[in-house]
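The structure appears right after this line, and notes come after that.
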Amino acid sequence: MRHLVLGIVAHVDAGKTTLSEALLFRTGTIRKLGRVDHGDSTLDFNALERERGITIYAKEAVVQRGDASFTLLDTPGHVDFSAEAERTMQALDYALLVIDGASGVQSHTETLWDLLARYGVPTFIFVNKMDHAEATREEVCAQLAERLDAGCLDFSRGAPAEECAMTDEAALEEYLDAGVLAPQTVRRLVAERRVFPCFFGSALRLEGIDDLLDGLMEFTAEKTWPADFGARVFKVSHDDQGNRLAWLKVTGGELRARRPLDVAVGSEVFAEKANQLRIYTGGRFTAVDSAQAGQVVAVTGLAHAQVGCALGAEKEPPRPVLAPVLSSKVLIGGNDAHKVHAALRELTDEDPQLGVTWSEELQELRVSLMGTVQLEALRQTLATRFGLDVDFGPGGILYRETISAPVLGIGHFEPLRHYAEAQFLLEPLPAGSGVVFGTRCHVDDLDLNWQRLALTNAMERDHRGVLIGAPITDVRITLVAGRAHLKHTEGGDFRQAVYRAIRQGLMQAKADDQAVLLEPMYRFALRVPADCVGRAMADLQKMSASFDAPSTEGASRMRIEGRVPASEVQDYAVELAAYTHGQGSLSLRFDGYAACHNVDDVIERAAYDPVADLPNTPDSVFCSHGAGYNVSWQDVPTHAHCAYDPTRLTAWRPADAAFFGSK
């Protein structure tokens, strides 16, 4: 039996969970067809999901048809929970994108499509709610070809051989020679993302479901997996008894229960054991003795495994694209602050994007969020799961900071009987790169063990910028020089030197006008009646949006697409509904970070003093006559003990598992 993992993704309200229910019913996995609006669907078993009628957490179910076993992963469709959908894509062999036939391709649909392309996931399309759609199949396919990919082809009457052949040179030669395409050729085109089979129907009425299942059976190819064990962690959750579950996609060999596993988290490796293997369908599971390559299992016993961890021979996954755009203060009220913090840390374990931070100087907790719906879900989760009645302050924009030119940062820590110096080269990276760490320091200048320690210290915290204290991003931080003392250097000394070095470099960048404030951006699609397009364009200009010329959509509607700062468009949907009398619509999707459009205003409101931020001080400590003394960040280069020499730099080496594990 072949094992394939099939993820079901869609814009909210496209009928994704209803389709999952229909697939479970038609394959005999469930005997009764549940409904989202009745609160009895198999996969949305969480009380919060049933109350709101939306999917918040990715769910699993196993269905069998013929010689194939499909693990269905039903992902959230609401944009606020799209990070969960992106994490799930790391485990997919194929995806099933659900389109609302009545609404067509929406903004978040395009976001999901881009993510599927990024992760290279072959995709099937099911156009749902065709019983309510005004558009014909031909018109829907034309829109899919225009908005998504020209390879979106109607497979409801079988594979269209001529259209499939036009997507690939070898397939075209085969078609011209034989007049048909072999089934394995079509499967190859699907697997290579040249062709995207489209099916049509109504999941609620069970129309088109059998055609879709037959298409999945016929046009999916069995994957060949390596013999050596490998797996990746794509999700972390907790069951009703509080057991921590690490969800693995086995990508090679076999995983047996009680097997010891080495779990690498940053520079540390933990020896753990896969105590129990569970295969879930909805809220119920079956314990199994082993899992084969291609299967998804929930594993107990892996206390340190995090989302994105690679086990065995598996490689590290790419960095996630989606990121939160809001930051909100947690109003603890009469609750115990430690209990609230512990609960939020557990939730961050499940959703790393939650980004819980504690500000020592302000004595406050903050969380990072995708939107207000996620905030409401978080409030309710804390109440029902942890018994904590907390509230949240007004959401603020989650800014980032970066640099525009390379800068050298120097940190020195030498109170009496302590010694460490570290020098880092900070360089700007392309947007979306995050923070990358590595070394070019010669081992004759700093022993490899000290280099490992310095990079471990550099990677163990989120470094704050110096404009408003926002986290830095899109920076490569490279260790280029350092010095330890044979007698006086202790482990914590390098931590102090490293923190101060990076901070000193950022302060130097600010002094040279090379510090850059970044703000989150949205890609938008605005639809308004034709007589409102002038007002809409004026509003967009006020919001510092960049946009293309309006295009006609239908007889009396106009469509404007572009990019707008997230800070300017938060409440615009209400204003839009008012002046268009409910006929306008606004679709938004996260589109990365860009230079802040009102940087002076943001810095003034923040009133952040980087020198007064003592936990992130840029100053250094030197020693003279047996006593340590403070040196201001501007004067550190003239006091430094190491001479930065670019000619002595080695080839750049990333601070990855191989570096920390090498001898």
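Closest heavy-atom contact between Ala257 and Leu277: N-CD1, 3.7 Å. The minimum heavy-atom distance linking Leu4 with Ala221 is given by the pair CD2-O, 3.8 Å. The minimum heavy-atom distance between Leu6 and Ala95, with the atom names listed, is CD1-C, 3.8 Å. When all heavy atoms are compared, the tightest approach of Ala165 to Leu181 is N-CD1, 3.9 Å.
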Test salt bridge (charged side-chain N to carboxylate O under 4.0 Å, His left out) applied to Glu139 and Arg137, step by step
CA-CA 5 Å; Glu139 291 172 333; Arg137 293 188 179 191; over 6 Å; no
Determine, stepwise, if the pair Phe124 / Phe196 fulfils ring pair (Phe, Tyr, Trp, His ring centres under 6.0 Å).
CA-CA 5 Å; Phe124 290 73; Phe196 305 93; 9.4 Å; no
Side chain to side chain contact (heavy atoms under 4.5 Å, CB included) between Val105 and Trp113, worked out
CA-CA 10 Å; Val105 176; Trp113 185 263; over 6 Å; no
What do the steps show when you test Glu272 against His304 for side chain to side chain donor-acceptor pair (under 3.5 Å), and what is the final call?
CA-CA 8 Å; Glu272 300 188 328; His304 294 89; 2.5 Å; yes
Where do Asp149 and Arg193 land on the salt bridge (charged side-chain N to carboxylate O under 4.0 Å, His left out) test, with the steps shown first?
CA-CA 10 Å; Asp149 193 283; Arg193 288 181 51 85; 6.0 Å; no
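Looking at Ser82, its side chain never comes within 3.5 Å of a backbone N or O of His78 through a donor-acceptor pair. Panel note: side chain Thr27, backbone Leu24; a donor-acceptor pair is recorded below 3.5 Å. For Gln295 (side chain) and Ala291 (main-chain N/O), no donor-acceptor pair under 3.5 Å exists by modelled atom type. In this structure a side-chain-to-backbone donor-acceptor pair under 3.5 Å is missing from Ser433 to Leu429. Looking only at distances, no side-chain donor or acceptor of Thr29 sits under 3.5 Å from a matching main-chain atom of Phe25. A donor-acceptor pair is defined here as one N or O able to donate and one able to accept, closer than 3.5 Å; no such pair exists between the side chain of Asn128 and the backbone of Asp100. Counting only distance, with no hydrogens or angles, the side chain of Arg205 and the backbone of Lys129 share no donor-acceptor pair below 3.5 Å. Without hydrogens or angle criteria, Thr251 side chain to Gly230 main chain gives a donor-acceptor distance under 3.5 Å. Between the side chain of Thr75 and the backbone N or O of Ile8 there is at least one donor-acceptor pair closer than 3.5 Å.
At a threshold of 4.0 Å, the pair Glu60-Lys235 counts as salt-bridged, since one of the basic side-chain nitrogens sits closer than that to a carboxylate oxygen. Salt-bridge annotation for Asp289 and Arg256: absent, with no side-chain N of the basic residue lying under 4.0 Å from a carboxylate O of the acidic one. Under 4.0 Å is where a charged nitrogen must lie from a carboxylate oxygen, and between Asp474 and Arg400 no such pair does. With respect to Arg87 and Asp351, a salt bridge is recorded, a charged nitrogen being found less than 4.0 Å from a carboxylate O. Using a 4.0 Å cut-off between charged nitrogen and carboxylate oxygen, Asp239 and Arg278 count as a salt-bridge pair. Using a cutoff of 4.0 Å between basic side-chain nitrogens and carboxylate oxygens, Arg385 and Glu350 are scored as salt-bridged.
There is a side-chain donor-acceptor pair under 3.5 Å between Thr17 and Asp74. Between Thr185 and Glu174, the side chains place a donor N or O and an acceptor N or O closer than 3.5 Å (distance only, hydrogens not considered). Remark: the Arg244 side chain and the Ser237 side chain contain no N/O donor-acceptor pair separated by less than 3.5 Å.
Exactly one residue among Val9, Thr123, Leu23 makes a side chain to side chain contact (heavy atoms under 4.5 Å, CB included) with Leu96. That residue is Leu23. Each of Leu97, Leu144, Val98 was checked for a side chain to side chain contact (heavy atoms under 4.5 Å, CB included) with Thr109, and the lone residue meeting it is Leu97.
Enclosure of atom CG in Asn243 by more than 12 non-hydrogen atoms of other residues, nucleotides or ligands within 6.0 angstrom is indicated. Within a 6.0 Å radius of CD in Glu169, other residues, nucleotides and ligands contribute 12 heavy atoms or fewer.
Side-chain rings of Tyr522 and Phe590 stay apart, their centers remaining 6.0 Å or farther from each other.
The aromatic rings of Trp247 and Tyr280 lie tilted to each other, with the angle between the two planes from 30° to 60°.
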